[in-house]
Amino acid sequence: MAQTNSSPPSDFIREMIEEHIRSNRFQGRVATRFPPEPNGYLHVGHAKSICLNFGIAAQYKGACNLRMDDTDPSGESLEYVESIINDVRWLGFDWEDRLFYASDYFEQLYQFAVQLIETGKAYVCSLSADEIREQRGTLTEPGKESPYRNRSIEENLALFAQMRAGKFEDGAHVLRAKIDMVSPNITMRDPVFYRIKRATHYRTGTQWCIYPMYDFAHCLSDSIEKITHSICTLEFENNRPLYDWILDQLNVDYHPQQIEFARLNLSYTILSKRRLIELVGREHVTGWDDPRMPTIAGMRGRGYTPEAIRNFCARIGVAKNDNLVDISLLEHCVREDLNERAPRVMGVLRPLRVVIDNYPEGQVEEFECPNRPQNPGMGSRMVPFSRVLYIEQEDFHENPPKKYYRLGPGREVRLRYSFIIKCVNMVKDKQTGEIVEVHCTYDPETRNGPPSDGRKVEGVIHWVSANHSVPAEVRLYDRLFQIADPMAKEDDFTKYLNPRSLETLTSCRVESSLAGALPGSRFQFERLGYFYLDPKDSSPGKLVFNRIVPLRDSWAKVASQEKK
RNA sequence: UGGGGGAUCGUUCAAUGGUAGGACAACGGACUCUGACUCCGUGAAUCGAGGUUCAACUCCUCGUCCCCCAGCCA
């Protein structure tokens with residue numbers, strides 16, 4: 001059962017697992033689980049956990065379960081369950097027939113609670129929520145024992161049965177563990193295990209009016225599923241003694257090991273479910289799947305690939321340090337993946353009309369353009385050329401800045417895969433002074449190579465033929481926040497939302513080959529970035545592209561430094 | 001502050017008493033019909049003070065700073 005491959009463990013969790021395998025702690029078994037609560041969409045922080053849990057299971061020939069941790073009906077819904085299932089599968093993981101629900105264990109959990117009462121380890125407490133809070137003590141003061149702590153087992157049993165039977169109002173009683181009100185670990189001060197809550201559960205409906213708390217349900221669910229390693233985030237470290245206490249009192253036959261790791265934080269975004277819900281609720285974004293969101297659904301809609309996300313998760317590592325991972329690493333992983341697989345095309349985002357004065361009116365010729373120059377196996381397509389073209393507005397400057405080697409008055413530039421052209425004139429709008437058209441001449445002998453007189457033309461720009469290109473809408477996405485760590489600020493985090501996180505361009509022109517492109521496919525628009533043909537918003541005759549990530553742009557750096 | 005965790009290049013992860021290393025970011029260069037990609041190179045860190053040792057990121061002592069816990073949320 002233990003793997004034979006001798007590659008060293010890559011993190012402290014795998015190290016511990018290998019130690020358990022050596023010592024035969026779980027008979028060599030490895031079983032993990034990913035246990036989301038279906039009260040929101042999964043984000044890239046969850047992706048880290050998914051990759052960890054499923055990755056470990058695969059590596060050690062074990063299995064990873066998908067379990068909905070649905071013990072609090074308020075906020076949970078089928079919509080979220082479906083999104084979670086969809087997202088984990090899209091990421092590339094398979095739980096086979098092991099989709100479980102904590103709510104399926106409600107009856108078993110109830111029986112475990114009864115056992116605890118029978119052995120005098122739990123009691124029904126009739127204090128109000130406020131009173132319980134007051135008597136819990138503080139960080140520095142011990143708590144006080146509840147006056148209901150010493151009720152008889154019979155009375156507790158009867159009361160608990162009545163709680164289940166719906167005899168009491170919400171909040172009238174709770175079931176608490178009888179542990180230690182003066183424990184320095186506040187988690188151990190007689191924690192609540194069951195509360196009365198008349199809420200319709202999306203799966204069990206009104207069958208129950210009492211629901212188990214996380215601490216009680218989670219360890220037992222793990223035990224029921226015979227999980228060996230229950231991997232969770234750092235904030236549950238204080239809860240581990242309780243996790244172990246419950247399983248010890250109940251003398252269950254399976255006692256998993258809880259291991260905690262540091263959750264992912266990503267710069268220029270937020271990964272707190274609560275805050276994400278707020279962004280959706282306050283309509284700062286269009287929904288959970290808004291392409292600016294760090295949710296799996298958002299990244300999918302943006303055009304990120306599962307491979308890129310998985311690779312990112314592998315690279316950030318697993319440790320116990322608080323961290324704020326640079327989002328440029330995620331962007332790097334996306335580019336790295338797309339560089340290999342995205343075919344190159346040309347598209348002009350902000351068109352500037354170019355007339356080639358010495359090119360015959362009505363003439364059209366085609367250039368064969370490789371879909372990926374570095375990989376001839378990806379084929380090529382024909383791109384039409386004619387007298388009137390569009391180039392990018394920013395590829396022309398009337399007064400070119402230093403180190404700029406694109407088009408300007410009297411300057412020459414290479415049209416990608418086409419001729420060298422020279423700017424001979426420009427037309428300005430009489431009112432605004434804005435350049436609306438540029439006139440050039442082309443050099444026919446440069447069609448297949450450099451000019452014979454040896455002159456150097458450094459600039460290469462992309463272009464499309466005015467008459468042959470097709471219109472497109474392009475959405476330029478940028479970072480959601482303007483500062484690296486919006487959560488570190490005391491005030492309202494929405495203050496730091498990036499007002500330019502979305503720019504929609506509606507008069508873009510893309511090469512004709514894109515007219516029949518498959519929705520959901522990804523392209524590199526040469527010199528610009530990677531783009532995703534949005535399958536939700538595109539329709540026959542209407543192309544809508546999302547910018548997945550821009551290309552690295554060293555000119556932007558030069559330009560901004562020249563300005564200083 | 002009672003308890004629980006954590007401190008290593010700008011960021012992140014490693015080094016498990018024996019040359020502090022990788023990745024991202026930054027910077028410089030080569031290449032280039034993508035200012036992309038690729039390649040080469042540069043700078044950059046052990047929280048502090050003591051101690052043990054031939055040798056300390058690692059072990060010991062004392063500090064400092066950061067995170068988590070006072071939901072009938074997870």
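Source: prediction; values computed, not measured. Chain identifiers are assigned alphabetically (A, B, ...) following the order of the sequence lines, protein sequences preceding nucleic acid strands; residue numbering begins at 1 within each chain.
Put simply, A:His462 has no side-chain N or O that comes within less than 4.0 Å of OP1 or OP2 on B:rU34. OP1 and OP2 of B:rC33 both lie 4.0 Å or more from every side-chain N or O belonging to A:Arg447. The shortest distance between the side-chain N/O atoms of A:Arg552 and the OP1/OP2 oxygens of B:rG35 is not below 4.0 Å. Residue A:Arg527 places at least one side-chain N or O under 4.0 Å from the OP1 or OP2 atom of B:rG35. For the pair A:Ser328 and B:rU11, the criterion of a side-chain N or O lying under 4.0 Å from OP1 or OP2 is not met. In this model, the phosphate group of B:rC73 is approached by a side-chain N or O of A:Lys197 to a distance below 4.0 Å at OP1 or OP2. Distances shown here put a side-chain N or O of A:Thr71 below 4.0 Å from the OP1 or OP2 atom of B:rA74. At B:rC69, none of the side-chain N or O atoms of A:Arg240 fall inside 4.0 Å of OP1 or OP2 (strictly under the cut-off). Applying the 4.0 Å criterion to OP1 and OP2 of B:rC72, one finds that A:Arg136 has a side-chain N or O inside that range. Contact between the side-chain N/O atoms of A:Arg416 and the OP1/OP2 oxygens of B:rC33 is not found at any separation under 4.0 Å.
Here A:Val174 lies in heavy-atom contact (under 4.0 Å) with a base. Nucleic acid contact for A:Arg335: none, since no nucleic acid atom lies under 4.0 Å from a heavy atom of the residue. Within the nucleic acid shown, A:Asn239 comes within 4.0 Å of at least one base atom, counting heavy atoms only. Nucleic acid contact for A:Arg263: none, since no nucleic acid atom lies under 4.0 Å from a heavy atom of the residue. Residue contacts shown for A:Tyr404 include a base, since a base heavy atom lies under 4.0 Å away. Using a 4.0 Å heavy-atom distance criterion, A:Gln524 is classed as a base contact. At a threshold of 4.0 angstrom between heavy atoms, the contacts of A:Ala129 include nucleobase atoms, whether or not backbone atoms are also involved.
For A:Gln374 against B:rU38, no side-chain N or O and base N or O form a donor-acceptor pair under 3.5 Å. A donor and an acceptor atom sit less than 3.5 Å apart, one in the side chain of A:Arg406 and one in the base of B:rG35. Contact of A:Glu76 with B:rA74 (side chain to base): no donor-acceptor pair of N or O atoms is detected under 3.5 Å. In terms of polar N and O atoms assigned as donor or acceptor, the side chain of A:Asn238 comes within less than 3.5 Å of the base of B:rG3 in a complementary pairing. Looking at A:Arg315, its side chain has no donor and acceptor atom pair within 3.5 Å of the base of B:rU12.
The existence of a salt bridge linking A:Arg195 and A:Asp170 is excluded, since no basic side-chain nitrogen approaches an acidic carboxylate oxygen closer than 4.0 Å. Ion pairing of A:Asp69 with A:Arg33 is absent here, as no side-chain N (NZ or NE/NH1/NH2) approaches a carboxylate O to less than 4.0 Å.
B:rG17 sits 15 Å from B:rU46 when the C1' atoms are compared, rounded to a whole Å.
A distance-only check finds no donor-acceptor pair linking the side chain of A:Glu412 to the backbone of A:Lys422 [under 3.5 Å]. A donor-acceptor pair is defined here as one N or O able to donate and one able to accept, closer than 3.5 Å; such a pair exists between the side chain of A:Lys48 and the backbone of A:Ala262.
In this entry B:rU64 has B:rA7 as its Watson-Crick or G-U wobble partner, both defining distances falling under 3.5 Å. When both pairing distances are held under 3.5 Å, B:rC39 makes a Watson-Crick or G-U pair with B:rG29. Taking a pair to require two hydrogen-bonding distances under 3.5 Å in either a Watson-Crick or a G-U wobble arrangement, B:rC72 remains unpaired. In this entry B:rG17 has no Watson-Crick or G-U wobble partner, no candidate having both defining distances under 3.5 Å.
Ring geometry for A:Phe531 versus A:Phe545: interplanar angle over 60°, hence perpendicular rather than tilted (30 to 60°). The aromatic rings of A:Phe493 and A:Phe481 lie tilted to each other, with the angle between the two planes from 30° to 60°.
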Using a cutoff of under 3.5 Å, can you pull out all pairs of nitrogen or oxygen atoms linking the protein to nucleotides 6-8 of chain B, with atom names and distances?
residue: B:rG6; atom: O3'; partner: A:Asn321; partner atom: OD1; Å: 2.8
residue: B:rG6; atom: O2'; partner: A:Asn321; partner atom: OD1; Å: 3.1
residue: B:rA7; atom: OP1; partner: A:Asn321; partner atom: OD1; Å: 3.2
residue: B:rA7; atom: O5'; partner: A:Asn321; partner atom: OD1; Å: 3.1

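By the rule that a glycosidic angle within 90° of 0 means syn, B:rG48 does not qualify and counts as anti.
Summarising the local packing, NZ of A:Lys197 is surrounded by more than 12 heavy atoms from other residues, nucleotides or ligands at distances under 6.0 Å.
A:Ile483 places a side-chain heavy atom less than 4.5 Å from the side chain of A:Lys489.
Judged by the 6.0 Å distance and 45° axis criteria, A:Arg164 is positioned over the aromatic ring of A:Tyr110.
Comparing A:Val318 and A:Pro373 along RNA chain B, the residue whose closest nucleotide (by nearest heavy atom) sits nearer the 5' end is A:Val318. Where A:Thr140 and A:Asp170 each meet RNA chain B at their nearest nucleotide, the meeting point lying more 5' is that of A:Thr140.
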